[in-house]
*Asks:* 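Sharing a structure with you now.
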Amino acid sequence: MKPKIIVLYVVAVLLVMLGITALSTKVMSNGEETEGFQVMGVTIKYPTTETYIKRKLTKKKKDNKQIDSIVTSIETIVADIEDLPEEETAEEVVVDTTVQKVNVPDFSKIDTSKIQRIAYPENKTEFLAKLKEQFKKSHTRIIHYGDSQLEGDRISGYVRNRLQGIYGGNGPGFIPIKQVYHQLSADVTCTDNWLRYAAFDPTQSRFEHKKYGVFTTLSRFTEPLTVPLDSINVDSLPVVAASFKVGYSKRTYANFRKFSKVTVHYGNTVMPVGVKVFNNDTLIKQDSLKVDSLYHALTINLKQTPTNLRFEFTGKVSPDFYGLTLDSPTGVTLDNVAMRGASGTVFTKLSEPNYSSMVNNLNPDVFIFQYGGNTVPYLKDSLGVTNYCRYVLANVNWVRRKAPEASILFIGPSDMTTSKDGEFFTYELLPYLNEKLKATCLSNDIAYWDMFHAMGGENAMEHWVDQGLAGTDYTHFTPKGTKIISELFFIALYLDLSGSEPQASEMKEQINENGT
């Protein structure tokens, strides 16, 4: 078909669509007035000519010059740390177990006074003093809980790499045995008979025992028993073999490619299960898992990062495996715990003894909770916001009671955009939810980072989408946007950990802007 014909066809279609606006009228749909047509009781939304032209002439993009200037500066930092070193051989990937103090960030090209800082409770001085001490320890563990914004080690992975570059540490931390989403931070593959269960998955019935561990998921190589063990003829059950392999990823940050401590977290073992561990096909450990209903950890300490560490299990009934942790003995470990569709209200539904036993073994120093986005589309009024904040606080406090010495930070929801009659705008109750979450956290000894305003505030998401920093679902960040928002959080955290404040010139600028 000739180009001229294609152009004429497109122009004709657009003219017809414009002409249809002249036929559109005001109609009622679900009790609300909108524009369009009603055909056999069905409402078809379509703008009127007046509304369409008015929108085209008057609509203005949100002024994001400030966030654009920050993003432009941060892109340079991101580009620098994204220059990964050339692939290392297995012999070269040896873990340095000394605490490092390297790669101090250079923010000289960034006006840090414009960075969205972390808000702290009234006891800010004490809170920060404790947080700084936790990062000075020989080993600091951070558990980062969140929704689908974290899947694939997004945000967590970037922040982990930045922190390990300053405070030392290696390895990606928590990795599930059964993978359900793309994971770049480590190479873990399992045989096909592994199954995955999640406490936050609405498509699955929760186990009555509620034992999902600290990471809220578990993997098994046999299906769960549906009847008591003593009512089964165990001699008739077949012996099942299953395995998984652990190695470093060639596609991730250099820090994550080095780990010497591999721990298998398991529990609820009701029948004998044998385990063999091979490193490059050499048997290095042979044992049996502990048979009881309690949580246990099987740890393998190595001299260098494995390229092919294989765990083989044989048994008639699988234990519950809560996942792996791939760590080094010193520095920072940051566990990424992504819960697709979750809103941070699953914790109170877990087994307290099971969670407590595992958290005592992991000994986390800091918890980061990142929730709110999944509840935004379903909020109807301010009461819904209040109730949600109350539920979230109850869950955070449930975790805090298991680790009372840990510091807690909360990352609020990003801007999220919806549309009506062809126009994009921030969900109506999102700004109120953000402020309510912040107030709830600060009044309960929880620090709060306002991602919503870090992005630019109300109606900023459309701009992030236009710049290729967020996807066309107007909810999730793109890989590039993930690095930008992660760096914004990291800068805010590091400025507080290092005690940095805006420079005098920046303070003078702030004073002039405030007029005081």
*Asks:* Regarding E133 and K130, does a basic nitrogen lie under 4.0 Å from an acidic carboxylate oxygen?
*Replies:* no

*Asks:* Report the residues that fulfil salt bridge (charged side-chain N to carboxylate O under 4.0 Å, His left out) with D365, sequence neighbours left out, ordered by chain and then residue number.
*Replies:* K137

*Asks:* Go through it in stages, so that I can follow the logic: the residues are Y253 and F256, the test is ring-ring contact (aromatic ring centres under 6.0 Å, His included), and I'd like the CA-CA distance, side-chain angles, deciding distance and then a yes or no.
*Replies:* CA-CA 6 Å; Y253 297 107; F256 304 174; 5.3 Å; yes

*Asks:* Taking the side chain as C-beta and beyond, is there a heavy-atom pair between N123 and D445 under 4.5 Å?
*Replies:* yes

*Asks:* With a 3.5 Å cut-off and no angle check, do the side chains of H476 and Q149 form a donor-acceptor pair?
*Replies:* no

*Asks:* Start with the C-alpha distance between N193 and T191, add both sets of side-chain angles, then the distance that settles side chain to side chain donor-acceptor pair (under 3.5 Å), and finish with yes or no.
*Replies:* CA-CA 6 Å; N193 54 342; T191 50; 2.7 Å; yes

*Asks:* What is the ring orientation for Y371 with F369, classed by angle as parallel under 30°, tilted 30 to 60°, or perpendicular over 60°?
*Replies:* tilted

*Asks:* Quick check: do P121 and S443 have side-chain heavy atoms less than 4.5 Å from each other?
*Replies:* no

*Asks:* Taking only residues two or more places apart in sequence or in another chain, which ones pass salt bridge (charged side-chain N to carboxylate O under 4.0 Å, His left out) with R390?
*Replies:* none

*Asks:* Between CD of Q134 and CD1 of I142, what distance do you get to the nearest 0.5 Å?
*Replies:* 9.0 Å

*Asks:* Does the side chain of N444 come under 3.5 Å of the side chain of N397 through a donor N or O and an acceptor N or O?
*Replies:* no

*Asks:* Could R310 and F278 be counted as a cation-pi pair, given that NZ or CZ must be under 6.0 Å from the ring centre and within 45° of the axis?
*Replies:* yes

*Asks:* By side chain to side chain donor-acceptor pair (under 3.5 Å), which residues pair with T333, not counting sequence neighbours?
*Replies:* H139

*Asks:* Side chains of residues 344-358: which donor-acceptor pairs under 3.5 Å do they make with residues two or more places apart or in other chains?
*Replies:*
unit_1 : atom_1 : unit_2 : atom_2 : d
K349   : NZ     : T345   : O      : 2.8
S351   : OG     : N354   : N      : 3.4
N354   : OD1    : G213   : N      : 2.9
N354   : ND2    : Y322   : OH     : 3.1
Y355   : OH     : Y145   : OH     : 2.9
S356   : OG     : E352   : O      : 2.9
S357   : OG     : P353   : O      : 3.0

*Asks:* Can you list the residues that meet the side chain to side chain contact (heavy atoms under 4.5 Å, CB included) rule with I284, with sequence neighbours excluded?
*Replies:* V277, N279, I300, L302, L309

*Asks:* With sequence neighbours excluded, tell me which residues meet ring pair (Phe, Tyr, Trp, His ring centres under 6.0 Å) with F207.
*Replies:* Y197, H209, Y212

*Asks:* Would you say that L362 contacts H265 through its side chain, given a criterion of any heavy-atom pair below 4.5 Å between the two side chains?
*Replies:* yes

*Asks:* Anything under 30° is parallel, anything over 60° is perpendicular, the rest tilted; go ahead and classify F321 against F221.
*Replies:* tilted

